[in-house]
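One structure is given here, and the rest of the page talks about it.
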Protein chains: 4
Amino acid sequence: MPDLWAARLPGGSDPRARAFTGTVAWDWRLAAADLRGSLAHVVMLEQVGLITPGDAALLKQGLHQLLAEVASGAGPWNPDAEDVHTAVEEELTRRIGEPARRLHTGRSRNDQVALDLHLYAVDAARSLAARVDDAIRAVADAADRCQDLPMPGYTHMQRAQPVTVGHHLLAYAFMLLRDRERLAQVAARSAVSPLGAGALATSTLDLSPDAVAQALHFRAVYDNSLDAVSDRDFVTELAFACALVLTHLSRLGEEVVLWSTREFGFVTIDDAWATGSSMMPQKKNPDVAELLRGRAARGLAQLAGLLALQKGLPMAYNRDLQEDKGYLFQAHDAAEEALAVVPGLVSALHFNPTALSAALTEDVLATDAADRLVEAGVPFREAHGRVATSRSWDQPGPADPSAVADSLRARDRPMGPGPQSIARQLCRIRDSIARPV
Amino acid sequence: MPDLWAARLPGGSDPRARAFTGTVAWDWRLAAADLRGSLAHVVMLEQVGLITPGDAALLKQGLHQLLAEVASGAGPWNPDAEDVHTAVEEELTRRIGEPARRLHTGRSRNDQVALDLHLYAVDAARSLAARVDDAIRAVADAADRCQDLPMPGYTHMQRAQPVTVGHHLLAYAFMLLRDRERLAQVAARSAVSPLGAGALATSTLDLSPDAVAQALHFRAVYDNSLDAVSDRDFVTELAFACALVLTHLSRLGEEVVLWSTREFGFVTIDDAWATGSSMMPQKKNPDVAELLRGRAARGLAQLAGLLALQKGLPMAYNRDLQEDKGYLFQAHDAAEEALAVVPGLVSALHFNPTALSAALTEDVLATDAADRLVEAGVPFREAHGRVATSRSWDQPGPADPSAVADSLRARDRPMGPGPQSIARQLCRIRDSIARPV
Amino acid sequence: MPDLWAARLPGGSDPRARAFTGTVAWDWRLAAADLRGSLAHVVMLEQVGLITPGDAALLKQGLHQLLAEVASGAGPWNPDAEDVHTAVEEELTRRIGEPARRLHTGRSRNDQVALDLHLYAVDAARSLAARVDDAIRAVADAADRCQDLPMPGYTHMQRAQPVTVGHHLLAYAFMLLRDRERLAQVAARSAVSPLGAGALATSTLDLSPDAVAQALHFRAVYDNSLDAVSDRDFVTELAFACALVLTHLSRLGEEVVLWSTREFGFVTIDDAWATGSSMMPQKKNPDVAELLRGRAARGLAQLAGLLALQKGLPMAYNRDLQEDKGYLFQAHDAAEEALAVVPGLVSALHFNPTALSAALTEDVLATDAADRLVEAGVPFREAHGRVATSRSWDQPGPADPSAVADSLRARDRPMGPGPQSIARQLCRIRDSIARPV
Amino acid sequence: MPDLWAARLPGGSDPRARAFTGTVAWDWRLAAADLRGSLAHVVMLEQVGLITPGDAALLKQGLHQLLAEVASGAGPWNPDAEDVHTAVEEELTRRIGEPARRLHTGRSRNDQVALDLHLYAVDAARSLAARVDDAIRAVADAADRCQDLPMPGYTHMQRAQPVTVGHHLLAYAFMLLRDRERLAQVAARSAVSPLGAGALATSTLDLSPDAVAQALHFRAVYDNSLDAVSDRDFVTELAFACALVLTHLSRLGEEVVLWSTREFGFVTIDDAWATGSSMMPQKKNPDVAELLRGRAARGLAQLAGLLALQKGLPMAYNRDLQEDKGYLFQAHDAAEEALAVVPGLVSALHFNPTALSAALTEDVLATDAADRLVEAGVPFREAHGRVATSRSWDQPGPADPSAVADSLRARDRPMGPGPQSIARQLCRIRDSIARPV
């Protein structure tokens, strides 16, 4: 970053130090946010009279041009720049000359970087929420199609009571609805502008932080400048939201893997969503589902890293925080990539009624039998014991399909597997995602 | 848990298996929640006619009696019980006899445990929020007292620009305000009742989950029973909120440690909040602050454990989830204990104006000098360079106190260290905590 | 800890500070190590003439007495003491008077605590290694019994090639052998004495650190005193070794859960190692295996916490390190408890030949067919393709048992499932654990 | 990976599934290991007669050619290949035709990938050990130069007793020596060959796993094929070794940051190893040291991710394991990059004798005074109390330099700061790194 502090440290940096501190190779994805933030800053500088309308026009024109190039996929103009912010400012200077040297007026890297991260986080949270909606929609549609296809519900991976495929799948839709809610809250909490905090203590110049926030459609400005430049709560919250999304999807992944074993045989996966083996000619493997399952570890890792990074940092800005971007980008990517395969994977699952029906053995109706005794006045603990000892439960035969159907109908209650309950659940889900975050 | 499934597995458990699966030693703290949940369940069972008013009265009386004993500090009545839920049910049976055997009607351990955790989480989140309020109040009061005491603000632990002690401390108040917000959201999201979900698939009995939720002042019932028994999002969110609280406090801890070094000398800690050395007679150490700093690792650890625990679990309930309580309790305790020392520690800090003033060297005014050039029309980048080379910055002398005062006044802007800004910040903080979560 | 620094800070500690910094409730398990360390210290002090033989005799007698009481299960003599070290020193003073006030000669809490941790770690690593040996023995015995019972081997949870139950189980024995090796290395690396380092900088007294190390059968003394008091590598390594043990056992847990599903049906678990359901009368659940699976998260959590704790701590000792004990004890307990159930659980598994045989479908022989073509000169890639298209692999019938037997014999090669290979593997395992760590 | 299983799943993969499962963009760095592994495999296939000498010659020639290209920096020949292994095999086929279709004889992706990872891990561990040696050398040289420059040693960041800069720096050398030892053990434990394990169950072909191990200078072959393809202990151990290296360097980073504050002023950092500020003209910041401090979070994150990834995976290979590479590469890079700046950073530190001397206040000699009383027969606890109350310790004046020198000489003991001790320490360190790992 020679230009920025060449006057103070004229000897230049050791190349090893530059290599260690430079980030342009991986923070380039902040380029659009950086340009948008600079545009809002220019608008404000002009408004408060710190730059002339002429300079402002040139700056805006230059920034818009660069933004257009970034939108078209331009990489760093100078790959040797220290970071995305320097790369942008240098290129702007190359293009429009002296006015570019006024751009940083009243601004520090610290509040600039923080603003860029806020812009990134708001967009990422919203984009993830849209992906979550796609996943919910796919899960709900699959559940709709299979809403009355009976299957055994499991606890401890042992058959428990009859549910339906639709009922089972909808549990994932409700997990994802909570993810959506959290992402919306993260987006809202991230939409607070730090610009004007300067390095840590605001500026003696007559800036208008509110004007910047308004230009960016942010809901507020930070209250305290030291907090503004050192806060990474919103980054950590976004990583946490990603970690929970990934945890939910890992559970779905595990179930698809289980269901597609020969032993369960509950689903057949479309060939296009399966893979083979390099050695074993007969193999058809559920790799996408396995990777969904494994991917949750990435969310956890980024979150743990982010928290460890911030632990014990004194005020206000410390360079350690540069590392936040690596965790944030990876958490975002991990979640976005995982969400992106959910609609396809879910559509590629073909549920096998024969296998599901064969798995509905008599034992799944034992609880209903105990309930009948309760209704006849037997205390529950006694009813439980009587049913438990009424027969051997070790080798149950197939359940009577009509008894299964009765059981499902008898549990057409709030939260349950019956048709009216499922209809309500579907309705609630579709309403909830009717409008984007 | 012999009584619960003795009929099914009459041979009894291997003692090693019992030792490994039993939890009463550490889940006893759920006892009150368990009793409150059972009370709501009884109210509902009576309401829908599944138990008689007579049995309900006996059950309620028995449960209230046990609740009173727990409130007075009773330990597990039977320390060999498998877990808190069994210990409670067994004791109730011992006291009131047969009606106790009707208590579990329409209920499973799975929805019962989930409900207990929800009750615990709501209370924990609110209690933590109250502790956060105490901490905010203490920090704000300290800031109020030192609102115009100048000190150097730091970035990269290098002196940067003048702020005031009040300004600096208030940054912590705003961090904690975000914690408060998050805890309030966790409390709200936790107040959803799973009761009625049964083991995973509701019940054929005519239960009223809504009545339970109302009795507990919960805002809703889960939508899907499989989700209801397997969801631990709210536990994970609470652990995350604790992890962020602890991260913030670790930063405060680090600063108190720094400030109380002889080299900084910014604060003297009351003897009552310091410790000595077993070997070195002269020592006075800031142990409380050090432990605050270190404690953040506990939050991170519990959160990482909780996420790893849930990864890849199939539906619905799996026994792995029993381990969630260890993480939850530790995260809660770690945060509560750390918050509990903040008011005392902050009050025990005596800021040393002489040392603070001596640390305000001329270099902290360099940015103001550049701003002056900008106001005179010099592009910022040039202004920065001119100031950087205007003198050597390696051995700055003391700053003129009136220049420091001018600088602070000149930054009496939004987020800044000036008097009106601090007044606004204090006002905003005190308003925000005026009403408990 | 009034006695220790009452002269320096005579006002006493704030009760809130004492509550936050005190640890005697959970560090009492270091009592034996503390007493053994003090005994070695006394031996050395007498040897170098810093205490008289008379005082030494009294001190040794007193310490031995306390050690005997601790061995018999004594709790902290003074539960209000700050920590185990203070509780011990105070009690010793109560019992033998003035000589106890000479015990701390040339010693600091810092090297004392470090020594206690080293003693604890050496013992814990060895005790864990012995538990690992028990687990290996149980797994090897089970493998021995089932060494020629065929089962499908799996990749991606899809049937792949025939192996035997013995072959499959032995994979766990080899994982555990690596754990054993690691624990032995941790024990060795922990057996280095910090005593003599004092607070951080040794002492002007003429101590003999070597004599202490010898008395404790440690292999060396630290080289540098600042390192000696601040090093927690050995604690972290032990936690890591525990985390890997737990990760291995979580895989075994998952397989037992899978195998005991109705769908796989590969094993029946003894009733004494299974659990029932509070609601569903028919249930028999593999809770021990589920908890083994979930327990791995605890190892990960403690390790992450320990690393975060140490990050960025300046030299030499900081109070943050007090928290290391919580992580260490939990990692140790988690691994020890999990290992303790392995022999019983493994012995409680009854493999079901019928189910295993039914799972050996024709497809598991496809790779052998490709190998035959390769032996006839067909390039492997072509052979793979020919077999893949030679038939439909979607609904394979049962494999001919004699073909399965042939396949196993044909793979009686290094690492493989054949009888000679298994005999070699068993031999290697039993040799490796013949002598304790 | 169409060629590999096109016959089995002829419809091709969904592009979304391909995008999610493909890895060539980031696993290309295994290319050299993959080629070396294939070369060893070809040597063995020829040796046991499974390929002809002619085919073997062509294969070796082709593989050597590709290896040379990779060594010169070639990227993936086909960036659309699924992964590095497919990219290599496809390109080999393009170059040498049919013999390439024999390369995979007796081999599976599973043992191939495992072997590549082993080769990578051995190299990475050794290369890291060499970097550690460079860092140790730099630290030892700096310590040598400053071995008798007194400075206060610290505990709790409070001045404790006099040490020397050399003594203090050597503590880091000893931490790094332990890292070296661990890396050497990881390298040794990684040098075990899985090739021959096939997909999970070896092969019916007459392969020689030993020949492969010898060709690669590995010390052994796995004992059990299921373990061979699913073991990632060595990857996790390497990540752990990296995490500890990074933790040590984070402590050094923190100290450099502290020492270069104006308040401590112990070191001046060469301008070439410092950075300035974009806003504040006077700033000179220790960014390299800050990033060293923060970097430790990356090691922790990768390790936590790796452990979570493996938790609960059934035998043998599961696709989840693909993700191990991301964690491994990042842990390796994080440690290697951090180690790479240590020599430069340490050389760029100029210790300031004046500031160090000013920090040696009288209080650092208090322990020596207590020791004098002990030598005169006063019990230590009384001596400690007497010194503590002999004067006020709150505002100590400067220590007499000759008294400091006496104190250091008096502590010329094992582990201590005296000249002979330091000479021994330096000698021990230099001996230890005399020969590369």
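As a basis for the values below, the full set of heavy atoms in this structure was taken, side chains included, without hydrogen atoms, waters or symmetry mates. Throughout, protein chains are lettered first and strands after them, A, B, ... in sequence-line order, and every chain is numbered starting at 1.
- Only the side chain of A/R372 comes within contact range of chain B, judged by heavy atoms closer than 4.5 Å.
- With a threshold of 4.5 angstrom between heavy atoms, A/R411 approaches chain B through its backbone and through its side chain.
- With a 4.5 angstrom heavy-atom cutoff, A/P194 touches chain B only via backbone atoms.
- The backbone N or O of A/R381 sits nowhere less than 3.5 Å from a side-chain atom of A/R386 that would complete a donor-acceptor pair.
- Under the 30°/60° scheme for interplanar angles, the aromatic rings of B/F380 and A/H104 are found to be tilted.
- Of the atoms belonging to A/P209, it is side-chain heavy atoms, and not backbone ones, that fall under 4.5 Å from chain B.
- Contact annotation for A/D206: both backbone and side-chain heavy atoms come within less than 4.5 Å of a heavy atom of chain B.
- Listed by chain and number, the residues in a side-chain hydrogen bond (donor to acceptor under 3.5 Å, both in side chains) with B/D371 are A/S203, A/T204 (sequence neighbours excluded).
- For a residue to count as touching a neighbouring chain, one of its non-hydrogen atoms must lie under 4.5 Å from one of that chain's; by this rule B/V387 does not touch chain A.
- Interface remark: A/S230 contributes backbone and side-chain atoms alike to the contact with chain B (heavy atom separation under 4.5 Å).
- For a residue to count as touching a neighbouring chain, one of its non-hydrogen atoms must lie under 4.5 Å from one of that chain's; by this rule A/R428 touches chain B with the side chain only.
- Ring-plane geometry between A/F240 and B/F240 is classed as parallel, the angle between the planes falling under 30 degrees on a 0 to 90 degree scale with a further cut at 60.
- For A/H248, the part lying near chain B is the side chain, with the backbone staying farther off; criterion is any non-hydrogen pair under 4.5 Å.
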Show me the donor-acceptor pairs within less than 3.5 Å that the side chains of residues 305-317 of chain A make with the rest of the protein, sequence neighbours left out.
unit_1, atom_1, unit_2, atom_2, d
A/Q310, NE2, A/T236, OG1, 2.9
A/Q310, NE2, A/L306, O, 3.0
A/K311, NZ, C/A308, O, 2.8

